[in-house]
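Just below is one structure, and these are the notes that go with it.
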Amino acid sequence: MAQSCDFVPVGATTATGPAGTQVSFTLRAEVACTPTVDIVLAITSDTTGGASIVPPTAPTVLLDTDYTFTVNLGPTPSGTGTVQASCVPTFCTPGSLVFNFGTDALVTLLTDIDGNDQTTLPNTAFATALQVNATNNGFGAVGVGIDWTVTGGDATLSAATSLTDNFGNAAVTATAGATPGPVTISAVRQDDPTAIVVFNLTVDALGTLTVSGGDGQTLAAGATSAPLQVELRDAAGNPVAGATVDWTATVGTLASATSLTDGAGVASNTVTVATAGAVEVTASSPLAAAPAVFQLNGALGNLAGLSRTQRAVADAIDTLCPALANLPAPTTQQTDLLARCREIGAAAGLDPDATVNALDQLMAVVALTQANAAMSAAQSQFQNLKTRIAALRSGTGGTRFGGLALDTPAGPISLGALSSAFGADEPGAEVGADFSRWGFFAAGTVGRGESEAGVVDPAYDYDIEGLTAGLDYRKSDRWVIGGSLGYTRQDTDLPGDRGGLETRGWSVSAYTTFYQADSWYLDSVLTWGRNDYEMLRRIQYTLPLAGGGTTTVDQTAVADASGDLLATAFTFGRDYSRGAFGIGPYGRLMYTRLGFDAIREQTVAGAPGSGLGLHIASRDLVSLASVLGTKFTWTHSTNWGVLMPHLQLEWEHEFRDDPQAMEARFLNDPTGTAMLVTGDPLDTDYFRLGLGLSMVLTGGRSGFFYYEHLAGRDGESQWNLAMGLRMEF
């Protein structure tokens with residue numbers, strides 16, 4: 001006989017929960033049931049669609065024992081349903097208990113989990129992914145689509161859409177663009193566009209990496225550079241410590257490929273090179289907007305095969321270039337000089353020949369021609385005075401015009417013939433014995449010469465004009481003293497339009513001769529003069545550029561300078577005669593001191609090369625020479641006059657054979673590095689061979705011509721032909 005069985009609820013018989021969740025109910029079997037009872041659970045109504053019981057099969061429970069079962073709520077919000085619990089009819093009189101369940105209204109949420117309020121640098125990914133969580137009524141919403149959008153600022157996303165995982169999470173990564181500033185990114189649920197999360201991010205401005213030490217160095221071959229230092233600061237100007245700095249070099253070997261900034265934001269490195277030429281070292285950091293670049297040079301002195309002058313210029317540039325690079329406020333011309341020395345240093349590794357040519361152009365070798373100009377001025381005055389003294393010893397006096405000649409490499413053309421217009425058939429009468437003791441003379445030269453290029457000394461040609469006028473007094477038949485005033489002009493030109501030197505000078509001289517007629521004689525001359533020099537130097541060169549193409553400098557440097565000269569000569573000779581023939585050996589000692597004031601060049605402002613002007617220090621040159629010579633004469637008389645052909649031979653020896661030295665420096669060199677230029681060695685021994693003819697005509701007129709050849713002097717050859725005409729008044 002079936003027993004009755006009552007079910008009683010344990011707790012509430014009504015429960016609600018969010019859609020898709022579970023609710024639980026508990027019941028107990030009582031009264032007359034057997035120790036165990038089979039329970040039937042069944043959903044009797046379901047308006048939610050999809051509700052189910054857990055477990056789904058009918059359980060067996062002990063009498064008076066609580067039993068809990070679970071209902072999986074369907075996905076539809078606001079749905080209801082009932083579950084009926086009853087026993088299996090075979091064992092008991094059916095009894096039942098009804099439980100009511102329902103689903104709450106759907107609540108969808110979207111919240112940010114991670115990645116908000118980040119900062120990064122331009123073109124850099126944000127360190128943390130942007131992550132959101134989607135929930136439905138507090139539980140993770142699985143498989144929900146999330147749309148991601150950059151709504152402000154400059155950034156890119158790894159995906160435009162992502163799906164939530166089993167926990168309702170979805171994420172993307174964001175990368176900053178190049179523009180600093182705020183960035184906003186929104187995440188929106190596709191199933192609920194009102195569920196939005198906004199991420200606020202920031203793209204910081206990049207910092208600065210600047211050179212703080214070691215730029216502009218000139219590096220000797222194999223020597224380690226001084227430290228190359230950079231300083232890293234953030235956008236606010238604060239030093240950045242512990243940052244990695246990457247280093248690269250176009251030439252040479254770096255001590256390290258990377259280095260770290262210290263507490264002051266400073267990182268350093270060194271480089272070693274073996275050749276001449278430009279060296280560019282670059283330091284970069286991902287925290288800096290731009291790299292820091294060092295412009296260095298392998299020393300120009302590393303170039304092989306440089307001459308003494310070229311090496312002096314190269315060493316000066318190697319010294320001054322780093323100093324210029326570190327000047328806090330360089331002048332315009334110092335800035336130009338820095339650009340020029342960097343160009344030359346860079347070209348050394350590209351075209352050594354062009355670099356050597358540029359080094360040649362930087363030295364004012366035209367100044368070496370001053371010595372020739374000054375010496376020519378002294379010699380021209382001495383030659384004029386020597387002519388006058390010889391005339392005095394021959395017994396002529398009074399007023400004389402002679403020695404005017406145009407000297408060329410092919411020989412001089414006489415200007416003395418111009419004085420023939422003043423000739424007369426009879427000499428003028430003397431006016432008193434005292435008055436006849438005084439004499440006036442004038443002599444002039446116009447010449448041209450050439451000099452070949454030496455190892456250091458430049459090739460040049462020159463034109464010279466000189467005029468000497470004097471007054472002398474015959475103390476006795478054997479002693480004459482006098483004085484003169486001289487003027488000299490010389491134009492010197494270098495080949496190839498490289499420049500020139502214009503010399504203008506005045507001099508005063510005192511002279512005397514003491515002689516015994518037809519026997520021995522002693523002459524002496526003392527000259528002091530002052531010369532003005534106008535120097536022009538053309539600086540022209542073309543150099544290759546590292547990136548291709550060329551750069552050209554075409555600059556003109558001019559300078560005005562002065563100098564003085566002091567010269568003295570002593571001649572002792574003796575004339576022997578036998579019938580119509582004569583021989584006259586003689587010896588001469590000559591001392592000359594040339595002084596040159598300092599030279600300061602001026603360049604064309606604003607043009608490339610304006611910083612290449614030179615300062616040339618004052619200097620002195622001394623010559624001490626001896627001459628041993630003899631002349632042979634023959635006298636032939638005719639009814640219209642007397643002819644005196646003669647042959648002359650001289651050997652000249654220079655005792656002071658030291659080459660001239662010149663010290664120069666760049667005007668805009670802050671180090672004042674001197675460049676010493678030593679000229680070519682002097683030839684100390686050479687000869688002069690002369691052939692001439694003198695004539696004395698009726699009416700007190702006389703004339704001569706004289707040809708002279710210079711032999712045995714290195715690098716020079718010279719031919720002179722002199723003609724003159726004298727007349728008494």
Side-chain angles (χ1 to χ4, degrees), residues 109-135 140 144-165 167-190 193-212 229-248 256-269 282-293:
L109 293 177
L110 188 66
T111 56
D112 66 279
I113 298 176
D114 203 0
N116 210 347
D117 298 321
Q118 292 186 83
T119 61
T120 193
L121 295 172
N123 301 313
T124 305
F126 288 93
T128 304
L130 311 184
Q131 189 172 10
V132 294
N133 177 255
T135 60
V144 175
I146 306 297
D147 292 330
W148 300 86
T149 306
V150 177
T151 57
D154 186 7
T156 57
L157 300 170
S158 60
T161 301
S162 60
L163 297 177
T164 58
D165 59 15
F167 301 98
N169 297 330
V172 295
T173 58
T175 301
T179 306
V183 173
T184 55
I185 298 174
S186 64
V188 181
R189 288 182 59 148
Q190 290 181 342
T194 63
I196 302 173
V197 169
V198 177
F199 290 83
N200 294 296
L201 311 175
T202 302
V203 180
D204 287 338
L206 287 170
T208 57
L209 187 66
T210 57
V211 173
S212 59
Q229 295 181 321
V230 292
E231 184 179 39
L232 180 62
R233 292 184 175 271
D234 61 21
N238 302 310
V240 180
T244 298
V245 176
D246 298 316
W247 299 82
T248 59
S256 176
T258 61
S259 60
L260 296 177
T261 57
D262 59 17
V266 175
S268 64
N269 208 339
T282 302
S284 60
S285 169
L287 304 180
V293 180

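Along the sequence shown, the residues carry numbers beginning at 1.
Contact check for T161 versus I146: no side-chain heavy atoms found under the 4.5 Å cut-off.
Interatomic distance, L163 CG to N169 CG, rounded to the nearest 0.5 Å: 12.5 Å. Separation of atoms CD1 (I113) and CD (Q131) is listed at 4.5 Å; rounding is to 0.5 Å. Note that the OG atom of S285 and the CG atom of L209 stand 6.0 Å from one another [nearest 0.5 Å].
If you run side-chain contact (heavy atoms from CB on, under 4.5 Å) between L232 and each of V240, V266, T208, N238, only V240 comes through.
Screening residues 257-267 for side chain to side chain donor-acceptor pair (under 3.5 Å) gives W247-S259 as the qualifying pairs, with residues at least two apart or on separate chains. Applying the side chain to side chain donor-acceptor pair (under 3.5 Å) definition to pairs two or more places apart or across chains, none involves residues 120-130.
The two atoms that bring L201 and G115 nearest to each other are CD2-O, 3.3 Å, heavy atoms only. For the pair V230 and A283, the tightest heavy-atom approach, listed with the atom from each and the gap, is CG1-CB, 3.8 Å. The heavy-atom pair separating W148 from A170 by the smallest distance is CZ2-O, 3.9 Å. Residues L121 and A205 share a closest heavy-atom pair of CD2-O, 3.9 Å. When all heavy atoms of V172 and A159 are compared, the closest pair comes out as CG1-O, 3.8 Å. Counting all heavy atoms, side chain and backbone alike, L110 lies closest to A195 at CD2-O, 3.5 Å.
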Legend entry - Check against side chain to side chain contact (heavy atoms under 4.5 Å, CB included), F126 and T202: CA-CA 9 Å; F126 288 93; T202 302; over 6 Å; no
Inset, instruction - Show your working on side chain to side chain contact (heavy atoms under 4.5 Å, CB included) between T184 and V150 and close with a plain yes or no. - result: CA-CA 6 Å; T184 55; V150 177; over 6 Å; no
Inset, instruction - Could you walk me through whether Q118 and L130 pass side chain to side chain contact (heavy atoms under 4.5 Å, CB included), step by step? - result: CA-CA 10 Å; Q118 292 186 83; L130 311 184; 3.8 Å; yes
Legend entry - Trace of the side chain to side chain contact (heavy atoms under 4.5 Å, CB included) decision for I185 with T149: CA-CA 6 Å; I185 298 174; T149 306; over 6 Å; no
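For the pair D154 (side chain) and A178 (backbone), a donor-acceptor distance under 3.5 Å is present. Formation of a donor-acceptor pair under 3.5 Å by the D165 side chain with backbone atoms of F167 is found in this model.
Every residue meeting the side-chain hydrogen bond (donor to acceptor under 3.5 Å, both in side chains) condition with R189, not counting sequence neighbours, appears here in chain and number order: N136, D191.
A donor-acceptor pair shorter than 3.5 Å can be found between the side chains of D147 and Q190.
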